[in-house]
Number of protein chains: 2
Amino acid sequence: MTACDTCLVRNRAICSSLDTEELKALNNIGRRRTLTPGESLMWEGEDSVLVANVIEGVLKLSTGTEDGREQIVGVVYPSDFIGRPFGATSGHGVTALTEARVCVFSRKDFDAFAREHPALEHKLLQRTLAELDRTRRWMLLLGRKSAGEKLASFLLEMSERLVQPGCIDAPDLPLRQFALPFSRQQVADVLGLTIETVSRQFTRLKADGIIDLPSRREVVILDREGLAAEAG
Amino acid sequence: MTACDTCLVRNRAICSSLDTEELKALNNIGRRRTLTPGESLMWEGEDSVLVANVIEGVLKLSTGTEDGREQIVGVVYPSDFIGRPFGATSGHGVTALTEARVCVFSRKDFDAFAREHPALEHKLLQRTLAELDRTRRWMLLLGRKSAGEKLASFLLEMSERLVQPGCIDAPDLPLRQFALPFSRQQVADVLGLTIETVSRQFTRLKADGIIDLPSRREVVILDREGLAAEAG
DNA sequence: CGGAGTGTTGATAGGAGTCAATATATGTGG
DNA sequence: CCACATATATTGACTCCTATCAACACTCCG
């Protein structure tokens, strides 16, 4: 009996490639950790000492310029993998946006384990390829879309990615209503905008009847068609 | 004796993970292909039918919006891998910028081969992780940098990536002078700018004595320090 | 030589950034 | 539980950077 047996992401994370014995071995080199919102698991430029699986919660990956401009370069959800295996440094910071639980490994231990378990490396490769696809799609948004298109695209992606899996009765359809795990500043940092511009676009979408904002963090998509049209 | 024996990237591409026998097997499922500048190897949204190794030349990966805006999401050089293994569609087009030679595989054949050769998958994982790192760094540029900073960053990266490997007497230092494999429009598509803004930034950097432009495609870095400062 | 493609330069406009004030949450201690 | 303090978000006025529109120059080939 290990912590993995009751793990929420047991069948979706890269661990799903392992049998019971292997899982037990992996469990031995890992440990659980809880993060509070705002708490960081690793920092940009730091030696790559840790890797982890996300069990619960949402975390951001971010880099910045020396003069303090920040850019969120990725957002990770339960079952996603974080950290830089087989590499020296981490390239971006990892910070919890919500309360979060992760399964942490020393990078060296993980690297060694992975090299001995090709099925695990295969899962990791699949995940990395999918993440690269997603990241490249995001580049189109950053490089070529207007503020309005950026926010609309972002809200659509949120409605798809924030789906809580495991609810059998509720199929994995995009959500109509959800709680943003981001502050306005963080939305701005994802989209490459300022907080003021983000705020103005939120109020415009609301005024146009495309979304509703019951509270600062709550979003209701009233007109998904319209939102998709706004996304360009 | 196979084509691989004389391959320029034999020791740098993912093939370097294979022994002579395995390489022969891989060679059997692949074929060489030459591309002329502007010629595409795959298209955005298309079924993922091919993957390839770049032997010679430079190619761009690009996506666009429906209304014709384009964004270059990656640039690949000799020894780089292209295509989307283990996936249904390709997400971005691949087009040669220079005369190019590639080693092409049917994706299905390659997938099957890779799954039987963990060392190859490991190399591919390493490459994909490195590419993801690079792509995320590029997001900072797209989201947060000014036109001047973008062009300066771009020229610095070019000077590092265009190094021709294999010249033993010339170590892999950043180049002082090089021929851009991009038109002004393509530079704009990499940086998320318009052609006019790119042109203006080129002339400004030249006027400031930081670079020289012997011809449209040639760039000389006169003041690397200064260029780095401009890159922000 | 001439014409098409590519790049540069100029004038103008518009979208997002900046600075500033106000409003709304969020939290704390009395 | 309320008053006040702090953080977060919205709104407004204005500026500036980059896009847009347009004219002109260069270069490469037939």
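Letters go in sequence order (proteins before strands), and every chain restarts at 1. Not measured: the values here are computed from a predicted model.
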Take atom [atom1] of [X] and atom [atom2] of [N], then tell me their distance rounded to the nearest Å.
X      : N      : atom1 : atom2 : result
A/R69  : C/dT18 : CZ    : P     : 9 Å
A/L191 : C/dG17 : CG    : C1'   : 15 Å
A/E218 : C/dT26 : CD    : C1'   : 16 Å
B/L151 : C/dT8  : CG    : P     : 11 Å
A/L213 : C/dA23 : CG    : P     : 20 Å
B/Q186 : C/dG7  : CD    : P     : 8 Å
A/I195 : D/dT8  : CD1   : C1'   : 7 Å
B/L180 : C/dT6  : CG    : P     : 16 Å

inquiry  = Let me spell it out: for each of A/T197 and A/R144, pick the nucleotide of DNA chain D with the closest heavy atom. Which residue's pick is nearer the 5' end?
reply    = A/T197
Minimum-distance nucleotide (side-chain atoms of A/E196 versus D/dT20, C/dC19, C/dG7) = C/dC19
request  = Establish whether the base of C/dT8 is bridged to the side chain of B/R204 by a donor-acceptor pair shorter than 3.5 Å.
outcome  = no
query = Counting only distance, no hydrogens or angles, is the base of C/dG10 paired donor-acceptor with the side chain of B/R200 under 3.5 Å?
reply = yes
request  = Decide yes or no on side-chain contact (heavy atoms from CB on, under 4.5 Å) for B/L35 and B/L59, but give the supporting numbers first.
outcome  = CA-CA 10 Å; B/L35 299 167; B/L59 299 91; 3.8 Å; yes
request  = On DNA chain C, check which nucleotide each of B/S199 and A/L193 is closest to and give me the residue with the more 5' one.
outcome  = B/S199
DNA chain C: 5'-proximal contact among A/T194 and B/R216 (nearest heavy atom) = B/R216
ask   = Contact class for B/R184 vs. all strands (heavy atom < 4.0 Å): base, sugar-phosphate, or nothing?
value = sugar-phosphate
query = Which part of the nucleic acid, if any, lies within contact of B/G192, taking any heavy atom under 4.0 Å across all strands shown: a base, the sugar-phosphate backbone alone, or nothing?
reply = sugar-phosphate
ask   = Between A/S62 and A/E70, does any side-chain donor sit less than 3.5 Å from a side-chain acceptor?
value = yes
query = Can you name the closest pair of heavy atoms from A/P174 and A/V163 and give their distance?
reply = CA-CG2, 4.5 Å
message = Both conditions, 6.0 Å and 45 degrees, for the charged tip of A/R184 above the ring of A/F202: are they met here?
response = yes
request  = Verify the contact: side-chain N or O of B/T203 to OP1 or OP2 of C/dT9, cut-off strictly under 4.0 Å; return yes or no.
outcome  = yes
ask   = So, is B/S183 close to the C/dT6 phosphate, meaning a side-chain N or O under 4.0 Å from OP1 or OP2?
value = no
query = Is the A/F105-A/F81 ring centre distance short of 6.0 angstrom?
reply = no
